[in-house]
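Notes follow the structure.
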Amino acid sequence: MKTAAFVVLRVIVLTIILFICFGVAAGVVGLTGNSQTSGQAGAGALPLLVVCFLETTVMTYLILRSRWTGWRLAAAVFFVFYGVTTFMPQIESAVFLTRLPPGMLPRLFLMGALIAAPFSVLAVLILRKRKAETVDTERNSRLVMPGSEWAWKLVVIALAYVILYFTFGYFIAWRNPAVREYYGGIDPGSFVAQMGTVLRDTPWLIPFQILRAMCWVALALPVIRMMKGQWPETALAIGLLFSVVMNAQLLLPNPYMPEPVRMAHLVETASSNLILGFFVGWLLIPTPRFDRILATTPIAG
């Protein structure tokens, strides 16, 4: 009970801190609207609190279950938090959102850094992970693999992400009339026809998503190395990081993206990223059953 109260209290404190970081960072980069009424500001405060609570809850779990401490942990938290909340969504914004005002994207990237940096340091301090309570003498063998194994696993992850991205994108998002109207596209009638359109009109999109798949792997690596526990716990943590922390901000009112479009993308990316994160964790963390399968194949040798 005492431990539970400790965690709940600190989640509340960190939620408030993250909320303040959002407000301060938005003011620094000039994204606070001077013409916004108090009623509009109040209406936007509640969704932001919800977003901060969701992101804080997942990040708190990662921090508390980490074998790392101090500045090493703070740097890892900053890397994954900034990566999933700012870098990954905004590189897609740079490609697909043509309605953003000039100079908006650099400000969004800067705002994300101004939020992630203080939050990462304060989260490690408030959750009392500044110093290790005990010396961890257990050898960490996670991610220690031959180059050939890394190669085929990265290929599998890239293929899995491309499949998830385009199937969930078509069946959940693109078949929504509001989404098609927003992007100025049409539904050709089937997934196969849609992929034909992608290959004909935007052939660069598949290589771009393969690159994003490798970025997702890069964000998962420190989580895999630092997390305690067995592979299902780490895989689920990565899934929650990719789905909840990355997509929670779609709950916020956005003048550049209508609510029906945001909600369609929320369902699309939260579900596909949850599967992706769990799959990446399962594939990159050796499991007894998986090791036995590899031991009987030429790849393992």
Side-chain angles (χ1 to χ4, degrees), residues 15 18-19 22-23 26 31 33 36-37 39-59 81 83-101 104-105 108 111-112 115 161-191 194-195 197-198 202 205 208-209 212 216 236 238-278:
T15 297
L18 185 56
F19 182 86
F22 266 97
L31 292 183
Q36 187 180 49
T37 66
Q40 290 173 324
L46 181 57
L48 181 56
L49 272 176
V50 172
V51 169
C52 292
F53 174 77
L54 292 173
E55 293 181 348
T56 296
T57 300
V58 175
M59 297 306 299
F81 188 71
V84 298
T85 59
T86 302
F87 180 78
M88 292 303 290
Q90 298 310 334
I91 59 173
E92 275 221 312
S93 298
V95 173
F96 295 110
L97 295 186
T98 59
R99 309 181 187 188
L100 293 177
M104 175 63 73
L105 270 176
L108 290 175
M111 178 178 171
I115 293 170
Y161 181 64
V162 168
I163 293 173
L164 286 170
Y165 179 87
F166 285 105
T167 54
F168 279 69
Y170 176 73
F171 289 106
I172 296 179
W174 197 247
R175 300 191 74 175
N176 186 317
V179 174
R180 294 197 304 271
E181 180 182 358
Y182 178 74
Y183 292 105
I186 61 172
D187 182 0
S190 70
F191 175 72
Q194 175 66 14
M195 288 306 300
T197 301
V198 170
T202 55
L205 187 55
F208 175 68
Q209 296 307 331
R212 290 188 78 233
W216 283 122
L236 180 60
I238 297 171
L240 293 175
L241 177 69
F242 287 4
S243 60
V244 176
V245 179
M246 190 245 186
N247 296 286
Q249 293 184 30
L250 286 172
L251 295 171
L252 297 175
N254 185 335
Y256 307 108
M257 185 177 290
E259 182 178 358
V261 179
R262 285 190 292 109
M263 293 302 100
H265 282 313
L266 176 62
V267 176
E268 169 209 354
T269 53
S271 55
S272 61
N273 281 5
L274 178 64
I275 297 171
L276 173 70
F278 193 88

Where is the tightest heavy-atom contact between [X] and [Y], given as atom of each residue plus distance?
X: Val261; Y: Met257; result: CG1-CG, 3.7 Å
X: Trp174; Y: Gln194; result: NE1-OE1, 3.5 Å
X: Ile163; Y: Thr167; result: O-OG1, 2.6 Å
X: Gly169; Y: Glu268; result: CA-OE2, 3.4 Å
X: Pro89; Y: Gly83; result: CD-O, 4.2 Å

Kindly compute the distance separating [atom1] ([X]) from [atom2] ([Y]), expressed to the nearest 0.5 Å.
X: Phe19; Y: Leu49; atom1: CZ; atom2: CG; answer: 4.5 Å
X: Thr15; Y: Glu55; atom1: OG1; atom2: CD; answer: 10.0 Å
X: Phe96; Y: Ile91; atom1: CZ; atom2: CD1; answer: 10.5 Å
X: Met111; Y: Thr85; atom1: CE; atom2: OG1; answer: 10.0 Å
X: Leu46; Y: Leu251; atom1: CG; atom2: CG; answer: 10.5 Å
X: Ile115; Y: Leu18; atom1: CD1; atom2: CG; answer: 7.0 Å

Next item on the list: Anything under 30° is parallel, anything over 60° is perpendicular, the rest tilted; go ahead and classify Phe191 against Phe171.
Entry: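 Because their plane-to-plane angle is under 30°, the rings of Phe191 and Phe171 count as parallel.
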Next item on the list: Starting from the C-alpha separation in whole Å, work towards a yes-or-no answer on side chain to side chain contact (heavy atoms under 4.5 Å, CB included) for Leu241 and Met59.
Entry: CA-CA 8 Å; Leu241 177 69; Met59 297 306 299; 3.8 Å; yes
Between [Y] and [X], is there a side-chain heavy-atom distance shorter than 4.5 Å?
X: Val245; Y: Leu240; answer: no
X: Asn176; Y: Tyr182; answer: no
X: Met104; Y: Leu31; answer: yes
X: Ser271; Y: Ser243; answer: no
X: Asp187; Y: Tyr170; answer: yes
X: Ile275; Y: Phe168; answer: yes
X: Phe242; Y: Met88; answer: no
X: Ile238; Y: Phe278; answer: no

Next item on the list: Determine, stepwise, if the pair Cys52 / Phe22 fulfils side chain to side chain contact (heavy atoms under 4.5 Å, CB included).
Entry: CA-CA 9 Å; Cys52 292; Phe22 266 97; 3.7 Å; yes
Note to self: Run Gln90 and Ser93 through side-chain hydrogen bond (donor to acceptor under 3.5 Å, both in side chains) and show every step you take.
What the structure shows: CA-CA 5 Å; Gln90 298 310 334; Ser93 298; 3.2 Å; yes
Next item on the list: Could you tell me whether Phe53 atom CZ has more than 12 heavy atoms of other residues or ligands within 6.0 Å of it?
Entry: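 Atom CZ in Phe53 is not crowded, with 12 or fewer foreign heavy atoms closer than 6.0 Å.
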Check: Would one find more than 12 heavy atoms of other residues, nucleotides or ligands at under 6.0 Å from atom CD of Glu92?
Finding: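 Yes, because the 6.0 Å sphere around CD of Glu92 holds more than 12 heavy atoms from other groups.
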Margin query: Asn247 and side chain to side chain contact (heavy atoms under 4.5 Å, CB included): which single residue from Val84, Asn273, Leu274 fits?
Written below: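 Running side chain to side chain contact (heavy atoms under 4.5 Å, CB included) over Val84, Asn273, Leu274 with Asn247 returns exactly one hit, Asn273.
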Margin query: I'd like to know if the side chain of Arg262 and the backbone of Leu250 have a donor-acceptor N/O pair within less than 3.5 Å.
Written below: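 The answer is yes, because a donor-acceptor pair under 3.5 Å joins these two groups.
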